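The structure presented is a predicted model; accordingly, all values stated were derived computationally and were not measured. These numbers come from the heavy atoms of this one structure, side chains and all, not from hydrogens, waters or symmetry mates.
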Amino acid sequence: MFFLFSPRGVLLAAGLLAYYHRQYLGSALAYYTGSSTVAACLIFAGSLLTVVLALGNTIVPNLKFVWHCFIRPLGATDQRTRLDKFYKGQADVYDRTRSGLLRGRNTMLKLSVSHIRALRARDPSQRLIWVDIGGGTGHNIELMDKHFSISQFDAIYLIDLCEPLLEVARKRFARKGWRNITVLCQDATEFSLPEWATKDPKGSVSFITLSYSLSMIPNFYALLDRIDYVLCPEAGILGVVDFYTSGRQPSLHEKAIGGTSKECRWLSRWFWQIWFDFDHVSLSPHRRDYLEYKFGTVKTYNGRNHFIIPFIVRIPYYIWLGRSRTCDVSRFCHAFEIEGGNMIGNCSPASFSVVKDSKAIPMLDIGKPVVEVEPEPAHSTIIITPPLSSFHYQVGNPWRLPYYEQPVHKTFRTFIYSFTWEDPFEDMKHLNLGPDDSMLVITSAGDNALHYAIAAQPRRIHCVDMNPCQGHLLELKLAALLSLEYDDFFALFGKGQHTHFRELLDTKISPLLSSIAYQFWHINDTAFANAFYMNGYSGLAIRLAQIVFGLAGVSKDAEELCNVATKAEQVRIWKEKLMPVLLNPLVVALLKTPAFCWNALGVPQNQRKMLIGRRQYLRIRPGHVGSHPVDVQLQGRRVFLPFGASPKTFRHMSLMQGVLLQCLTGHYTPTSCPAYLTRAGFDTLRANRGKATDAFRLHTDSIVNVLRGLSTGSLTRAVIMDHLDWFATGSDDVDVEVSELARVVSPGWVRALALGGAAAVVSGRVPKARVRGIAD
């Protein structure tokens, strides 16, 4: 809007107006010049001149960019001369022409700052030194000031080999008045800080960045080795953003470190490597491979730059944060191997001590030898280990245990449940849960697990789910609990909407997230843009309920159900208004389809077949653990869902238990929400630096695999809900899982519920013998 009323805007409007009325102007000019050709040329030249003058700040820089990058020959052999010649003519427009091409720089800086804050909280007294290698014009340093004041750094060093770009940086810093920045024209592979003249450089730098410079440095091995030497082992962060190409990863371990969507298709690899090679920019996979080998990966994100032509020109780029591999990872090794009962790939450093046979096999006592023989020196075994998983190097809590992506994980595109259907208050009545208990639960949306942590604060809560996205969701809730204020937290998971979710993700939440969870929420950063609870597969059920109630004209009756004060009135509305709508043959037919059962309700094929076979797909049996009025809060009033009513009259409420709480408004209120969204629950989970959340261990695996890794008698409670109904008829897997439960849970409770069950520890597919096995 400002441009329209500026002198350039007026000039542009005048030029366009003159060209639009060229016929009248042409006639006038032809009259004075005596030539229509001359008049046409004058009109065209004048219009073009006004447009160029008006848009000069946009056109001229881009013309310089095109000339120096694609047309002008370099004709230089050494690196310094080539850089000077390449950038000298475009140094003054460098920043204006790279904003669309060099994506991810701002995100890398925000992620770095959030992790630096988390590390400095442990030792605020340590000096904060930042070295920006290949920083050129100093754009990154000026951008950093928006997220972390430059004055908070003890010293900043900008290192680059190109003098024309460094001159722009010096002018920029002088204009800003920053006096703690030193600009050094040095070869990055041999960079040396002035302060190293009087102190040992080893571990002296706490923050190093490489912003689109690693791909331009020929001897990148020496550079990364040098960075590894000077980076602080415990408090140091290395941030990288750059172009890349990558083929298939040779192992699951390297694939897990590289992150989601790292692999580039063969045409993309071939084209971009050749294209950038003309400008002496190397996109070969070796640079990133060595980076991920030399350092421990903390966060990674693989993106595509839709530069110039979206969806056609897609340049691969990555954002990466790492730490020294010599940092202390013992806490995470213990959490993964001992507490989590896992051993996947290279999860712990191998021992460097030599184990002699004499230590493993006792020597025979046969007396003193007759001939004295000089003992040979023990041969040391040098063991070279690859880096650990990103789980081990993160700066947050060891909640999310690492996993390797398997084909079964790819079948889940997103989470099924955005909220939990079951009532945890009823569980707490029967579980007798206390602070000394260790329990196993199904992750789902994590609401019930958080409820257990609030109500009883058990020692350990193993949350298990094969769907990685359910783990991403619970992990986000845990991280947001400890990093956000209550208003922001409730906006995310209470209202289901936050306009600045991406900003919160990068600047506050990310240090407490695993790398894979950060990637998921970075990709799905619009989940909280409008209505979060309409996302996920369960959102389909909510939308269906809204449509059905709307078409049937009972939306107001559904709202009234939540506003009346007595159970009798609620039963009347349910029986007379809502139940007939949900019994509609079309609705019932949809509910019985395999696709809807799985995608909207999370009911797998085997369970669906069992329920239909027993004609129990819309029924609650007497004696079911849910046969009681579920007392919940909605819009400030109590709602008694009539589970205790006669099954002959009310057979459909179980299906709508969770939907009725969400389908009307799509959000919670502070007084009508799960326990973790209340102010009291929020404060309980945050108390003592989030001590209650230390209990969580999130597994992305099957229940039986998790049980196999746990030691005998290590659990005292297990809540597996209707999970046993998921197995096929006659499957031996049920016996195996029940046997593992009997081994691991001792003495305690196994709470197995089923849609078709009839007791506290029974599943629709578990025979009485198996039930007795669990009980024993």
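- Defined by atom type and a distance below 3.5 Å, a donor-acceptor pair is missing between the side-chain atoms of E263 and S246.
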Could you list the donor-acceptor pairs under 3.5 angstrom formed by side chains in residues 483-493, with sequence neighbours left out?
from : atom 1 : to   : atom 2 : distance (Å)
S483 : OG     : A479 : O      : 2.6
Y486 : OH     : L677 : O      : 2.7
D488 : OD1    : H498 : NE2    : 2.9

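- Aromatic rings from Y676 and F682 are positioned such that their centres are separated by 6.0 Å or more.
- Between the side chain of S206 and the backbone N or O of I129 there is at least one donor-acceptor pair closer than 3.5 Å.
- Around NZ of K110, the count of heavy atoms belonging to other residues, nucleotides or ligands within 6.0 Å exceeds 12.
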I141 and W130: CA distance, side-chain angles, deciding distance, side chain to side chain contact (heavy atoms under 4.5 Å, CB included) verdict: CA-CA 10 Å; I141 296 176; W130 176 19; 3.8 Å; yes
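- A donor atom on one side chain and an acceptor atom on the other are found under 3.5 Å apart for D437 and T716.
- Side-chain atoms of T189 do not come within 3.5 Å of backbone N or O of N219 as any donor-acceptor pair.
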Stepwise side-chain hydrogen bond (donor to acceptor under 3.5 Å, both in side chains) check, R304 with S261: CA-CA 10 Å; R304 299 296 184 269; S261 303; over 6 Å; no
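- Remark: aromatic rings of F148 and F153 are close, center separation under 6.0 Å.
- For the pair W399 (side chain) and T693 (backbone), a donor-acceptor distance under 3.5 Å is present.
- Closest non-hydrogen pair, M108 versus L321, comes out as O-CD1, 4.3 Å.
- Closest approach of L474 and G446 over heavy atoms only: CD1-CA, 3.7 Å.
- Side-chain contact between L193 and P201: absent, with no pair of heavy atoms (C-beta onward) separated by less than 4.5 Å.
- Atom OG of S714 and atom CD1 of I338 lie 11.5 Å apart (nearest 0.5 Å).
- Within the 3.5 Å criterion, the main-chain N or O of F501 finds no donor-acceptor partner in the side chain of D525.
- Minimum heavy-atom separation, D160 to G136: OD2-N, 2.9 Å.
- Between the side chains of S438 and R459, a donor-acceptor pair is found at a separation under 3.5 Å.
- Across all non-hydrogen atoms, the minimal contact from Y393 to V298 is O-CG2, 3.6 Å.
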E163 and L165: CA distance, side-chain angles, deciding distance, side chain to side chain contact (heavy atoms under 4.5 Å, CB included) verdict: CA-CA 5 Å; E163 187 59 39; L165 296 181; over 6 Å; no
Stepwise salt bridge (charged side-chain N to carboxylate O under 4.0 Å, His left out) test for R175 and E142: CA-CA 11 Å; R175 187 169 60 251; E142 183 175 4; 5.2 Å; no
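- A donor-acceptor contact closer than 3.5 angstrom links the side chains of S114 and S510.
- Nearest heavy atom pair, residue F332 against residue N397, reads CE2-C, 4.1 Å.
- With respect to D225 and K294, a salt bridge is recorded, a charged nitrogen being found less than 4.0 Å from a carboxylate O.
- You'll find the side chain of W521 reaches within 4.5 Å of the side chain of L473, heavy atoms only.
- A donor-acceptor pair under 3.5 Å is formed between the side chain of R697 and the backbone N or O of D694.
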L119 and I237: CA distance, side-chain angles, deciding distance, side chain to side chain contact (heavy atoms under 4.5 Å, CB included) verdict: CA-CA 9 Å; L119 290 172; I237 285 289; 3.6 Å; yes
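- Side chains of L252 and Q406 form a contact here, defined as non-hydrogen atoms less than 4.5 Å apart.
- Between H253 and Y404, the angle of the ring planes goes over 60°, which puts this pair in the perpendicular group of the 30/60° scheme.
- A side-chain donor-acceptor contact under 3.5 Å links T326 and S324.
- R103 forms no cation-pi arrangement with Y212, by the criterion of a distance under 6.0 Å to the ring centre and an angle within 45° of the ring axis.
- The side chain to side chain donor-acceptor pair (under 3.5 Å) search around S514 returns E475, not counting sequence neighbours.
- Counting heavy atoms from C-beta on, the side chains of L685 and I454 come closer than 4.5 Å.
- Inter-residue side-chain proximity for T507 and V113 is flagged as unmet; no heavy-atom pair is nearer than 4.5 Å.
- The backbone N or O of Q394 sits nowhere less than 3.5 Å from a side-chain atom of K299 that would complete a donor-acceptor pair.
- Residues T182 and I156 form no side-chain contact, since every pair of their non-hydrogen atoms from C-beta on lies 4.5 Å or further apart.
- In this structure, the side chain of R323 does not engage the main chain of C232 through any donor-acceptor pair within 3.5 Å.
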F243/L214 under side chain to side chain contact (heavy atoms under 4.5 Å, CB included): CA gap, chis, key distance, verdict: CA-CA 9 Å; F243 299 121; L214 181 60; over 6 Å; no
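- Relative ring orientation between F336 and H392 is described as perpendicular, the plane-to-plane angle rising above 60° on a 0-90° scale split at 30° and 60°.
- Taking a cutoff of 4.0 Å between a charged side-chain nitrogen and a carboxylate oxygen, R226 and E190 do not qualify as a salt bridge.
- Figure legend: R288 and Y244 shown as a cation-pi pair, the cationic atom lying under 6.0 angstrom from the six-membered ring centre and within 45 degrees of its axis.
- Contact record, H522 with T107: CE1-CG2, 4.0 Å, taken as the closest heavy-atom pair.
- The closest side-chain heavy-atom distance from L223 to L210 is below 4.5 Å.
- Scored by the side chain to side chain donor-acceptor pair (under 3.5 Å) test, D200 finds no partners at all (sequence neighbours excluded).
- A distance-only check finds a donor-acceptor pair linking the side chain of Q186 to the backbone of S192 [under 3.5 Å].
- In summary, the side chains of S204 and R127 do not present any donor paired with an acceptor at a separation below 3.5 Å, with no hydrogens or angles considered.
- Using a distance-only test at 3.5 Å, with no hydrogens or angles considered, a donor-acceptor pair links the side chain of Q519 to the main chain of T260.
- Shown here is R122, whose CZ atom has more than 12 heavy atoms of other residues, nucleotides or ligands within 6.0 Å.
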Candidate pair Y518 and D506, rule side-chain hydrogen bond (donor to acceptor under 3.5 Å, both in side chains), full reasoning: CA-CA 9 Å; Y518 172 77; D506 290 340; 2.8 Å; yes
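- Close placement of the H472 and F520 rings is indicated, their centers lying within 6.0 Å of each other.
- For the pair L291/L238, a side-chain contact is recorded, criterion being any heavy-atom separation below 4.5 Å from C-beta on.
- The distance between the ring centers of Y318 and Y301 does not fall below 6.0 angstrom.
- With salt bridges taken as basic N to acidic carboxylate O contacts below 4.0 Å, one links D447 and K477.
- The main-chain N or O of F295 is never found under 3.5 Å from a side-chain atom of R325 such that the two would form a donor-acceptor pair.
- Using a 30° and 60° split on the angle between ring planes, F173 and W178 fall in the tilted class, from 30° to 60°.
- Taking the charged nitrogens against the carboxylate oxygens, E292 and K262 do have a contact shorter than 4.0 Å, which makes a salt bridge.
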